[in-house]
Amino acid sequence: MKNIYSLVVSMALLGFSEQAAAQEVLTDSAQAVRAQTDPKELANPSVVGMGRSKGVVVRYEMLPRFGLRSEGKRSDIGNAEADVRRNNKFEIKAYAPIINRPHLKMVFGVGYFLEEFNFKQPEGLEYPLYKQLQDKDLRSLDAQLITLKPFNEKNFLLVRLKGELNGDYGKYSNLSFDKYLKTSVEAIYGWKKSPFFAYGFGVQLGYTFGRQSIYPAILYNRTFNDRWGIESIFPANLTVRRNLSEKSLLFAGYKVEGASYNITVSPPFMLNETVELRKSEIRARLRWEREIYDFIWFGMEGGYRYNHRFDVYDGEDVNSDPLIKSHIKDAAFLQFDLFLVPPKRFLKQ
């Protein structure tokens, strides 16, 4: 039986951590502090009160037992249902600035993601899709470049380019860019109205809703007082922030997550050279972040996951109808992470 608990424990001891959205990656606590006293600072999407920027993150998530029901949409593909005993996710991300000038900031990030499905009765699985999910993990290796271009004290451009190798590959020697590469891009033009309010409009091309598509992006970061604020890139996420203290923050809101994975399932997919699993979900979440020691923070998040899509498609025809439509029963989730932030002595310089 596959198990990643030992991997989670060993990596967590390193004290790493991550940010999910581009705006969070670019949030610079030092800039936010200076913005309180320097109204001539060049524009950026961060506002006073946002949490410390995260450089490295290790994250583990578990979802308890839930049902999975699938319906084949081709005559040679049948129907099936099964119980998933546990769904584990492990992720590690790291970000580092490569250019940090007043008129141009660039951050490079890398990440690794693994998701495993442990079925209740794996020895009795006959459905090819379920057998593949039980035997091989879904994996992702990604690299991204985030660019912030301030034009003056009021206007800025935020761009993120990302490439991912997504699939059920087991050995990295079998990786193929042609087979597994997925690309996405985000671009937002914004206005910094004050140290407490920034907003912007743009577009996102990515897999948030399971398949590659273009949708609008509305950035809205606002701090109302010393306790309350909002951080959002709508419609992908919206979060209300509660500053409990300098060392403790509470967040509540929703987030849309999605991805596309090239997988190998045969039979009955011998007629399809590439099969693509598209998944997306909407999460209602409550998150707490707390400083452990200066630059080491701890995060805990819980909530409820609503499944939007978990379908298998012909990977060669992006506009084709699904080969298998699946329904995952909605379930609660629990997530833990450790992350590194800039030490306080750096912020005072």
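What you see below is based on every heavy atom in this structure, not just the backbone, and it leaves out hydrogens, waters and symmetry mates.
At least one donor-acceptor pair closer than 3.5 Å links the side chain of Gln132 to the backbone N or O of Thr264. Gln121 places no side-chain N or O within donor-acceptor distance of the main-chain N or O of Gly124, the cut-off being under 3.5 Å. Of the possible polar contacts, none joining the Asp168 side chain to the Lys136 backbone as a donor-acceptor pair under 3.5 Å is found. Between the side chain of Lys325 and the backbone N or O of Arg309, no donor-acceptor pair lies under 3.5 Å. The backbone N or O of Arg139 sits nowhere less than 3.5 Å from a side-chain atom of Asp137 that would complete a donor-acceptor pair. Here the side chain of Gln335 pairs no donor or acceptor atom with the backbone of Gly299 at under 3.5 angstrom. In this structure, Asn87 contributes its side chain and Glu116 its backbone to a donor-acceptor pair below 3.5 Å. Not one N or O on the side chain of Tyr127 forms a donor-acceptor pair closer than 3.5 Å with the backbone of Ala82. Although no hydrogens or angles enter the test, the distance criterion places no donor-acceptor pair under 3.5 Å between the side chain of Ser70 and the main chain of Ala80. The backbone N or O of His103 lies less than 3.5 Å from a partner atom in the side chain of Lys149, making a donor-acceptor pair.
In this structure the side chain of Ile328 reaches within 4.5 angstrom of the side chain of Arg305, judged on heavy atoms. Side-chain atoms of Leu238 and Tyr220, non-hydrogen and from C-beta on, never get closer than 4.5 Å to each other. Between Leu145 and Lys162, every side-chain heavy-atom pair lies at or beyond the 4.5 Å cut-off. Using a 4.5 Å cut-off on side-chain heavy atoms (C-beta onward), Leu249 and Trp297 make contact. Taking the side chain as every heavy atom from C-beta outward, Asp330 and Tyr304 approach each other to under 4.5 Å. For the pair Phe295/Pro342, no side-chain contact is recorded, criterion being any heavy-atom separation below 4.5 Å from C-beta on. Residues Tyr169 and Tyr180 meet the side-chain proximity criterion, which asks for heavy atoms closer than 4.5 Å.
A cation-pi contact links Arg283 to Phe333, judged by a cut-off of 6.0 Å to the six-membered ring centre and 45° from its axis.
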Under the criterion salt bridge (charged side-chain N to carboxylate O under 4.0 Å, His left out), I'd like the reasoning laid out for Lys279 against Glu115: C-alpha separation, chi angles, the key distance, then a yes or no. CA-CA 12 Å; Lys279 59 194 295 284; Glu115 179 176 4; 3.3 Å; yes
Residues His327, Phe310; criterion side-chain contact (heavy atoms from CB on, under 4.5 Å); working and verdict: CA-CA 7 Å; His327 174 73; Phe310 196 87; over 6 Å; no
Are Arg160 and Glu186 close enough, and set up right, to give a salt bridge (charged side-chain N to carboxylate O under 4.0 Å, His left out), and what steps lead you there? CA-CA 5 Å; Arg160 181 174 70 158; Glu186 301 171 4; 2.5 Å; yes
Run the salt bridge (charged side-chain N to carboxylate O under 4.0 Å, His left out) check on Arg52 and Glu246 step by step: do they pass? CA-CA 10 Å; Arg52 305 262 290 277; Glu246 291 184 357; over 6 Å; no
Checking Tyr95 against Phe108 for the ring-ring contact (aromatic ring centres under 6.0 Å, His included) test, could you report, in this order, the C-alpha distance in whole Å, the side-chain angles of both residues, the deciding distance, and whether it holds? CA-CA 6 Å; Tyr95 300 94; Phe108 180 72; 9.2 Å; no
Start with the C-alpha distance between Phe156 and Leu148, add both sets of side-chain angles, then the distance that settles side-chain contact (heavy atoms from CB on, under 4.5 Å), and finish with yes or no. CA-CA 7 Å; Phe156 63 87; Leu148 173 63; 3.9 Å; yes
Apply side-chain contact (heavy atoms from CB on, under 4.5 Å) to residues Val203 and Leu205 and explain how you reach the verdict. CA-CA 7 Å; Val203 294; Leu205 172 65; over 6 Å; no
Evaluate Tyr130 against Phe119 for ring-ring contact (aromatic ring centres under 6.0 Å, His included), listing each step before the verdict. CA-CA 8 Å; Tyr130 298 172; Phe119 285 82; 5.4 Å; yes
For Tyr112 and Ile92: C-alpha separation, side-chain torsions, deciding distance, then whether side-chain contact (heavy atoms from CB on, under 4.5 Å) applies. CA-CA 5 Å; Tyr112 170 76; Ile92 178 171; 3.8 Å; yes
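To the nearest 0.5 Å, the span separating CG on Asn118 from CZ on Arg86 amounts to 5.0 Å. Considering CG of Asn155 and NZ of Lys192, their distance stands at 12.0 Å, rounded to 0.5 Å. Rounded to the nearest 0.5 angstrom, Gln134 CD and Glu123 CD are separated by 9.0 Å. The distance from atom CG of Asn221 to atom OG1 of Thr239, rounded to the nearest 0.5 Å, is 10.0 Å. Leu42 contributes atom CG, which lies 7.5 Å from atom CG of Asn152 (distance to the nearest 0.5 angstrom). Rounding to the nearest 0.5 Å gives a distance of 6.5 Å between CG of Leu161 and OG1 of Thr147.
Summarising the geometry of Met300 relative to Phe336, their closest heavy-atom pair is SD-CE2, 3.7 Å, with the distance given to 0.1 Å. Minimum heavy-atom separation, Gly111 to Lys93: CA-CG, 4.0 Å. Closest heavy-atom contact between Glu231 and Phe251: OE2-CE2, 4.1 Å. Asn166 and Glu164 get closest at one heavy-atom pair: OD1-CB, 3.4 Å. Residues Val341 and Asp294 share a closest heavy-atom pair of CG2-O, 3.9 Å. Heavy atoms only, all atoms of each residue included: Val256 and Pro235 are closest at CG2-O, 3.8 Å.
Ion pairing of Asp83 with Arg65 is present here, as a side-chain N (NZ or NE/NH1/NH2) and a carboxylate O approach within less than 4.0 Å. Using a 4.0 Å cut-off between charged nitrogen and carboxylate oxygen, Glu257 and Arg285 do not count as a salt-bridge pair. Between Asp311 and Arg278, none of the side-chain N atoms (NZ, or NE/NH1/NH2) sits under 4.0 Å from a carboxylate O, so this pair counts as no salt bridge. Under a 4.0 Å N-O distance rule, the pair Arg287/Glu301 qualifies as a salt bridge. With salt bridges taken as basic N to acidic carboxylate O contacts below 4.0 Å, one links Lys73 and Glu71. With salt bridges taken as basic N to acidic carboxylate O contacts below 4.0 Å, one links Glu276 and Lys182.
Ser320 and Asp314 share no donor-acceptor pair across their side chains, judged by distance under 3.5 Å alone. Under the 3.5 Å distance criterion, with hydrogens and angles disregarded, no donor-acceptor pair is assigned to the side chains of Arg227 and Asn243. When only modelled atom types and interatomic distance are considered, Ser140 and Asp142 share no side-chain donor-acceptor pair under 3.5 Å. Between the side chains of Asn88 and Glu61, not a single donor N or O lies within less than 3.5 Å of an accepting N or O. Lys179 and Asn262 form no side-chain donor-acceptor contact under 3.5 Å, judged by distance and modelled atom types alone.
By the neighbour-count criterion of 12 heavy atoms within 6.0 Å, atom OH of Tyr306 is sparsely surrounded, having that number or fewer from other residues, nucleotides or ligands.
Under the side-chain contact (heavy atoms from CB on, under 4.5 Å) criterion, Thr223 pairs with Val47, Phe196, Arg241, not counting sequence neighbours. Residues meeting the ring pair (Phe, Tyr, Trp, His ring centres under 6.0 Å) test with Trp191, sequence neighbours left out: Tyr189, Tyr199.
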